[in-house]
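A short worksheet on the structure shown next.
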Amino acid sequence: MEWVLVVAVAVAAVVFVVISRRNKSLRAQRAAAELQPVKKLAFEDVTALGVELQDLDLELAGRALDTGANADYQRALDSYEAAKTAADAIARPEQVQDVTKILDDGRYAIACVRARVAGDALPQRRPPCFFDPRHGLSVDDVAYAPMGGAERQVPACALDAERVRAGAEPDVRQVMVGTKRVPYWEGGRAYRPYAAGYFGGFGPLDWIFMGFMFEGMGDGLGALAAGMGDGMGDLASGLGDGIGDIGSGIGDMFDGFDF
């Protein structure tokens with residue numbers, strides 16, 4: 001009977017290895033699936049900052065910049081280069097936060113250049129537009145409620161603030177979840193670092209974003225659940241095949257023994 005115990009322990013060890021490898025594979029697949037769209041989003045934002053810098057170059061053509069404007073302009077250029085480098089290095093969704101934080105600094109630097117050239121006071125450091133951070137610095141807070149969610153005060157650019165107060169829909173950044181386009185805050189957990197880089201430095205705004213996520217991410221959760229269901233099905237199938245093979249091998253091992 002000691003022989004039977006040894007075989008049982010060996011079987012348990014093999015099953016444990018099969019499960020561990022399968023779980024590791026599923027986690028890697030899920031991480032890759034989460035990373036691809038959010039990394040694409042980050043690159044789109046980097047490109048948008050590059051376009052803003054090109055527009056700024058056209059505005060400044062022929063103008064002499066003072067020391068402050070030159071410093072802010074160089075800061076904007078450095079932010080763009082740093083954001084490109086950080087985006088290229090993204091290997092996990094949480095690293096997107098590093099990119100969007102740099103981009104936010106770059107956009108503020110651009111706003112400072114424009115203010116200095118116009119002879120205005122430097123703009124207050126406010127969070128970017130909640131509806132689409134590519135819109136730049138917000139100018140005011142407006143009351144907004146996503147579909148099925150509670151109303152909250154969120155920062156908005158001038159155009160989106162005007163739209164919301166007029167009862168129109170703001171220009172919201174959309175992302176793909178499965179086959180549907182949804183606001184980025186409904187995209188799922190992988191998009192939280194994207195927002196954290198833009199809004200995390202402003203305290204309560206991070207909680208506001210989380211509230212929107214949990215109220216409106218039904219589609220994202222549905223897609224995630226579907227993916228997990230497929231993964232669990234694959235896991236069960238793989239385990240069934242693996243255990244079936246183990247069982248066949250054990251049966252062969254016991255052939256010829258009479259208990």
Side-chain angles (χ1 to χ4, degrees), residues 38 40-61 63 65 68-84 86-87 96-144 146 152-166 168-175 183-185 187 191-206 208-209 212:
V38 77
K40 178 177 179 291
L41 199 71
F43 273 108
E44 289 175 354
D45 282 24
V46 172
T47 299
L49 181 63
V51 172
E52 289 182 52
L53 284 169
Q54 290 176 350
D55 293 340
L56 183 63
D57 283 340
L58 292 176
E59 292 177 28
L60 300 179
R63 291 175 177 266
L65 301 182
N70 265 316
D72 286 328
Y73 182 59
Q74 187 60 50
R75 181 180 174 186
L77 292 174
D78 290 345
S79 294
Y80 174 63
E81 293 300 326
K84 285 197 298 182
V96 174
Q97 177 174 342
D98 300 330
V99 179
T100 52
K101 184 176 181 180
I102 295 170
L103 292 173
D104 186 48
D105 286 340
R107 288 197 174 91
Y108 179 70
I110 289 176
C112 288
V113 172
R114 288 191 168 118
R116 291 182 189 277
V117 170
D120 299 332
L122 293 181
Q124 178 187 357
R125 186 64 187 265
R126 286 182 53 87
C129 179
F130 174 78
F131 302 107
D132 188 341
R134 295 175 301 176
H135 294 170
L137 293 181
S138 60
V139 299
D140 203 356
D141 296 333
V142 295
Y144 178 73
R152 291 178 176 84
Q153 292 288 322
V154 298
C157 65
L159 289 177
D160 280 329
E162 182 181 10
R163 291 187 183 102
V164 171
R165 287 174 177 144
E169 283 298 311
D171 182 16
V172 174
R173 184 71 181 277
Q174 301 283 322
V175 298
Y184 72 92
W185 58 79
Y191 290 92
R192 189 169 184 270
Y194 170 83
Y198 281 127
F199 304 107
F202 296 92
L205 287 176
D206 198 33
I208 290 174
F209 178 80
F212 276 117

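- Among all heavy-atom pairs drawn from Leu53 and Ala76, the shortest one is CD2-CB, 3.8 Å.
- Atom-to-atom distance recorded for Leu77:CG and Leu56:CG is 8.5 Å, nearest 0.5 angstrom.
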Next on the checklist: Between Val51 and Arg134, is the side-chain contact (heavy atoms from CB on, under 4.5 Å) condition met? List the steps.
Outcome noted: CA-CA 11 Å; Val51 172; Arg134 295 175 301 176; over 6 Å; no
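- For the atom pair CG (Asp57) and OH (Tyr73), the distance works out to 3.0 Å, reported to the nearest 0.5 Å.
- Counting heavy atoms from C-beta on, the side chains of Leu60 and Arg114 never come closer than 4.5 Å.
- Between the CZ atom in Arg192 and the CH2 atom in Trp185 there is a gap of 16.0 Å [rounded to 0.5 Å].
- Asp72 meets the side-chain contact (heavy atoms from CB on, under 4.5 Å) test with Cys112, Val113, Arg116; sequence neighbours excluded.
- Nearest heavy atom pair, residue Ile102 against residue Ala86, reads CD1-CB, 4.2 Å.
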Checklist entry - After noting the C-alpha distance and the side-chain angles of Leu49 and Ile110, does the key distance pass the side-chain contact (heavy atoms from CB on, under 4.5 Å) rule? => result CA-CA 10 Å; Leu49 181 63; Ile110 289 176; 3.7 Å; yes
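- In this structure, the side chain of Tyr108 engages the main chain of Pro123 through a donor-acceptor pair within 3.5 Å.
- When every heavy atom of Gln174 is checked against every heavy atom of Pro183, the shortest pair comes out as OE1-N, 3.6 Å.
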Checklist entry - Given the rule in the side-chain contact (heavy atoms from CB on, under 4.5 Å) test, do Val142 and Val154 qualify, once you have shown the distances and angles that lead to the verdict? => result CA-CA 6 Å; Val142 295; Val154 298; 4.1 Å; yes
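- Of the inter-residue distances, the one linking Ser79 atom OG with Lys101 atom NZ reads 12.0 Å to the nearest 0.5 angstrom.
- Ala156 approaches Ala161 most closely through the heavy-atom pair CB-N, 3.9 Å.
- Between the side chains of Arg173 and Tyr191, no donor N or O sits under 3.5 Å from an acceptor N or O.
- For the residue pair Asp160 and Tyr144, no side-chain donor N or O sits within less than 3.5 Å of a side-chain acceptor on the partner.
- Tyr194 is not listed as a side-chain neighbour of Val175, based on a closest heavy-atom distance of 4.5 Å or more.
- In this structure, a donor-acceptor pair under 3.5 Å is absent between the side chains of Asn70 and Gln74.
- Partners of Arg126 according to the side-chain contact (heavy atoms from CB on, under 4.5 Å) rule, which considers only residues two or more places apart in sequence or in another chain, are Gln124, Ser138, Asp141, Pro155.
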Item to check | Intermediate values then yes/no, side-chain contact (heavy atoms from CB on, under 4.5 Å), Asp171 and Phe131 | outcome: CA-CA 6 Å; Asp171 182 16; Phe131 302 107; over 6 Å; no
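- For the pair Asp104 and Arg107, the salt-bridge criterion is not met [side-chain N within less than 4.0 Å of a carboxylate O].
- Within the 4.5 Å cutoff, the side chain of Val96 has no heavy atoms near those of the Leu41 side chain.
- Across every non-hydrogen atom of Glu44 and Lys40, the tightest pair is OE2-NZ, 2.5 Å.
- The nearest pair of heavy atoms linking Pro128 to Phe199 is O-CE2, 3.4 Å.
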